[in-house]
Each structure stands twice: as C-alpha cells, then as structure tokens.
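A short worksheet on the structure shown next.
Quick note on labels: first sequence line is chain A, next is B, and so on, each numbered from 1.
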Number of protein chains: 2
Amino acid sequence: MLEQFKIHIKKFAEVSDAEFSEIGAYFQPQSVKKKENLLAEGEVCKANYFVVKGILRKFFINEKGVEHTTEFAIENWWMTETFAYLNQSPSEFYIQAVEPAELLVIHRSRYEDLLRNHPLMEKYFRCIYQKAYGATQMRIKFHYEHSREELYHHFRTREPQFLQRVPQYLIASYLGFTPEYLSEIRKKSIS
Amino acid sequence: MLEQFKIHIKKFAEVSDAEFSEIGAYFQPQSVKKKENLLAEGEVCKANYFVVKGILRKFFINEKGVEHTTEFAIENWWMTETFAYLNQSPSEFYIQAVEPAELLVIHRSRYEDLLRNHPLMEKYFRCIYQKAYGATQMRIKFHYEHSREELYHHFRTREPQFLQRVPQYLIASYLGFTPEYLSEIRKKSIS
DNA sequence: CGGTCTCTTGACGGAGTTCAAAGCTAGTGG
DNA sequence: CCACTAGCTTTGAACTCCGTCAAGAGACCG
C-alpha cells in the first residue's frame with residue numbers, strides 16, 4: 001500500500017527509502033465499503049485521501065434534492081474538498097466510495113508538519129496541484145466547447161474504464177445532465 | 001512592481017529581503033496594451049504571468065469561430081496555460097490583455113531553477129495552485145448548481161469590479177452564454 | 001423470489017441559441 | 001473638437017436541446 005504511494009511520489013520528486021519511511025508515518029491506511037461516506041456536507045473536512053484501490057466520488061445535493069457528482073478519483077489520485085480542507089470550514093460536498101476502496105489518509109493537523117519536515121513533499125504537492133489545476137482548465141474548456149451529447153461521447157472514448165466501473169446515473173450526473181437524457185443518447189448511438 | 005510581488009509572497013511563505021532580491025532576478029517586467037496577445041493558439045507557452053496591474057483573459061476559439069473566455073486574471077493573480085506551460089506543448093488557448101497591464105514574467109526555462117534554488121517558492125506555488133484548484137472546484141460546482149441567469153446574478157454581486165472593467169460580451173462569454181441572452185437578462189432585472 | 005435500485009420510453013414545456021437587423025458608444029484620425 | 005467607423009449592445013422571432021414528469025421494464029441483492 002505504501003509501496004504504491006512511494007512509486008507515485010517518485011514520479012514527481014526524489015525520495016530515499018530512509019526518508020520515505022518517515023513520510024509514511026504521517027499516513028494512515030483506511031478501507032471503505034461501497035456507498036460509505038468519508039465526508040458529509042456541513043462537516044469540517046479533516047482528511048485528504050490518496051486512492052490506492054477503488055473509486056471515490058465527490059458530490060453535492062442541490063436545493064431540489066438532486067445529487068451532482070463533480071469529480072471522480074481512481075487509483076493514484078487525490079481526493080478531498082480542497083477549500084474546506086485548507087480553511088477548515090464546513091464542507092459543501094459529500095465524498096463517497098463508488099466501489100469498495102483502499103485509501104491512504106493524511107489528516108489536516110499533520111499536513112503542515114509533513115510539509116515542513118519534508119520539503120520534497122512541498123514539491124510533490126506543488127506538482128500534483130499544478131497538474132490537477134491544468135487538467136481542470138481543460139475540463140472547463142470542454143464544457144464550454146461541446147454539447148451534452150458530445151461530452152458523453154468524449155468521455156466514453158477517453159475514459160472507457162469508468163463506463164465499466166461506474167453506473168450510468170453517476171456518469172450522467174458527472175457530465176451535468178439527467179439519466180433520462182443519457183438513455184436517449186445511448187439509444188441513438190446504438191441504432 | 002517587485003515590491004507588490006514580495007508582499008504577495010509573504011502571504012504564503014516567509015522570505016528575507018536578501019533572498020527576495022535573488023528571487024526577483026528570475027522575473028522580468030512586461031507591459032501590454034489593451035487587446036494585445038501574450039500567447040496565441042498553437043504556440044508553445046513559455047511564460048507564466050503575475051498581474052501587477054490590469055486584467056488578462058484566457059480564451060479559445062471553437063470550430064464555429066466563436067470565442068469562449070474561460071478565465072480572467074486581475075491584480076495579484078497568476079495567468080498561464082498551465083498544461084502547455086508544464087509540458088511545453090502547443091497551447092489550446094489565447095492569452096490577451098483586456099485592459100493595459102503591467103506584468104511580471106517567469107519564463108519556463110528558469111522556473112525549475114527558481115524552485116530548486118529557492119525552496120520557499122515551492123511552498124509559495126504549492127499554496128497558489130492548491131488555492132486555485134480549490135477555487136476552480138467551487139466554480140465548477142456553481143455551474144452544476146445554477147441556471148445561466150443565476151450565474152450572472154451571482155457574478156454581478158460577487159465580482160462587481162469586473163462589471164465596471166470588462167465589456168458585457170466578455171462576461172457573457174465567461175459565464176457560458178450569448179451576448180443576446182445577457183442583454184435579455186439585464187432587461188428583466190432593470191424592469 | 002420479493003423489493004428496491006437502476007435504466008428506458010415518450011409527451012410536453014421552457015431555458016437558452018441562432019439569425020438578422022437596428023441602435024448605440026467609443027476610439028481614431030483629420 | 002467633430003465626424004466617421006468599427007465594435008458593442010439591444011430587440012424580436014423562430015427554433016432546438018434538454019429537463020421534467022410519469023410510468024414501465026430490468027437487474028441486482030438479501
């Protein structure tokens with residue numbers, strides 16, 4: 001479990017085995033069942049999750065009671081409510097397991113110690129967030145550029161893994177439309 | 001000019017005057033006129049811009065020839081095509097001055113030297129990107145949660161400065177709808 | 001097997017786009 | 001300092017994508 005994390009760190013920053021064993025001590029393993037919540041709306045977000053295995057999603061519930069999934073995290077991705085994690089303010093999102101998942105957790109209270117004591121982790125997280133920010137820009141571009149139907153076809157070709165692992169109604173929710181409309185698109189593309 | 005940047009850095013990381021004078025040497029000042037392009041689609045993005053004064057926007061042109069503004073940057077914000085800057089790949093966006101602007105520029109070729117020689121800048125940029133990423137998550141949430149009309153009213157109350165400084169058709173473009181529809185919304189809210 | 005999720009179907013309505021044209025504003029040069 | 005032009009904003013009519021509602025058909029789990 002930690003081994004996989006070490007490999008991931010090494011993609012962005014150099015780390016010796018000795019230093020990694022110290023770093024590893026800041027993290028705790030955690031298992032979650034399908035549909036289990038790691039964070040609920042209104043709670044203070046105390047943890048940042050590294051996904052070793054499984055899928056997490058982040059969603060919120062609008063005033064009509066409809067869920068909107070804004071993000072998925074699979075193997076080797078980080079998941080947290082960044083804003084609430086940083087400011088220790090009440091979360092506007094839920095975080096939930098889509099599949100049973102194995103996680104590494106860094107608590108907010110230890111995050112700054114980790115960064116202070118291991119400057120390579122500053123670099124690591126700088127790279128992670130820089131990349132995540134860049135990816136988000138491209139995602140926003142896609143939403144401006146394409147119709148709902150095009151978003152689905154793009155998602156389908158770019159992320160086929162998700163179609164296998166995530167139910168349709170969550171994909172519709174992530175792409176920003178209704179399950180009914182997704183069903184209509186699917187019908188069209190079969191015939 | 002550098003003074004303003006120093007104040008900004010100090011919000012996120014400690015820096016002595018001696019070290020800052022070394023850091024400042026990595027940056028170059030640049031002035032741009034209104035409507036001048038800093039980056040065009042297809043170019044490799046070689047620079048990251050810190051806005052000292054003025055407004056920049058990032059936009060792309062879709063297959064029908066319509067511009068979509070995806071981001072504004074005002075005083076004390078950073079602007080670049082993050083993905084193309086990191087990978088030195090052709091940019092999918094333009095970056096342009098909305099108002100005449102004063103900038104500090106860090107070239108891609110010196111970015112990694114800066115980070116290597118001044119670890120506090122790792123921390124600074126980690127904080128900047130983490131915050132930017134969190135803000136983008138909230139922006140995405142807003143797009144899922146609200147109608148176009150609501151987006152406008154929210155933008156209007158949250159960012160009144162922009163309404164003064166940015167023409168309507170760019171605001172419409174940023175919010176993801178047509179100038180015609182913005183005009184209709186405005187008419188409704190006056191009467 | 002029984003019940004609760006999940007996916008599909010179809011009718012209808014409305015938010016927002018498209019197109020075309022006219023009115024307005026601001027910058028530029030003479 | 002005015003006149004001209006290009007760029008920006010408004011208007012209105014027709015149209016379309018997609019949401020809503022309601023009901024039925026599968027699929028999965030205990």
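- In this view, A:E3 and A:K6 satisfy the salt bridge (charged side-chain N to carboxylate O under 4.0 Å, His left out) rule, not counting sequence neighbours.
- Between B:Y152 and B:F177, a ring centre-to-centre spacing not shorter than 6.0 Å is recorded.
- Atom CG in A:L182 sits roughly 8 Å away from atom P in C:dC7 (whole-Å rounding).
- Side-chain rings of B:W78 and B:Y129 stay apart, their centers remaining 6.0 Å or farther from each other.
- Aromatic pair B:Y85/B:Y111: centroids less than 6.0 angstrom apart.
- Evaluation of the side chain to side chain donor-acceptor pair (under 3.5 Å) rule for A:E180 yields no partner, not counting sequence neighbours.
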(request) Heavy atoms under 4.0 Å is the rule here; annotate nucleotides 11-17 of chain C 5' to 3' with B where the base is hit, S where only the sugar-phosphate is, and - elsewhere. (result) -----SB
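- A salt bridge (charged side-chain N to carboxylate O under 4.0 Å, His left out) check over residues 137-160 of chain B, counting only residues at least two apart or in different chains, returns the pairs A:E92-B:K141, B:K141-B:E145, B:E149-B:K188.
- Within a 6.0 Å sphere centred on CH2 of B:W77, other residues, nucleotides and ligands contribute 12 heavy atoms or fewer.
- Sorted by first then second residue, the salt bridge (charged side-chain N to carboxylate O under 4.0 Å, His left out) pairs that include residues 37-59 of chain B, not counting sequence neighbours, are B:K53-B:E75, B:R57-B:E67, B:K58-B:E71.
- Listed by chain and number, the residues in a salt bridge (charged side-chain N to carboxylate O under 4.0 Å, His left out) with A:E122 are B:R126 (sequence neighbours excluded).
- Not one side-chain nitrogen or oxygen of A:K187 sits closer than 4.0 Å to the OP1 or OP2 atom of C:dC7.
- The phosphate of D:dG7 has neither OP1 nor OP2 within less than 4.0 Å of any side-chain N or O from B:K35.
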Tabulate atom names and distances for all N/O pairs under 3.5 angstrom spanning the protein and nucleotides 28-30 of chain D.
none

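- Terminal axes of the helix from C:dC1-D:dG30 to C:dG30-D:dC1 (five pairs each, C1' rotation axis) are separated by 60°, to the nearest 10°.
- Judged as a salt bridge (charged side-chain N to carboxylate O under 4.0 Å, His left out), and not counting sequence neighbours, B:R110 has no contacts.
- In this structure, A:L103 shares a hydrophobic cluster with A:V32, A:L38, A:L39, A:Y49, A:V51, A:L56, A:M79, A:I95, A:V105, the cluster being traced through Ile, Leu, Val, Met, Phe, Trp and Tyr side chains under 4.5 angstrom apart.
- Residues A:F50 and A:F27 place their aromatic rings such that the two centres sit no closer than 6.0 Å.
- The separation between A:Y152 atom OH and C:dC7 atom C1' is 12 Å, rounded to whole Å.
- Remark: A:P167, A:Q168, A:Y169 in residues 156-172 of chain A come within less than 4.0 Å of DNA chain C through at least one heavy atom.
- Cluster partners of B:V66: none. The rule joins Ile, Leu, Val, Met, Phe, Trp and Tyr whenever side-chain heavy atoms lie under 4.5 Å apart, and it links nothing here.
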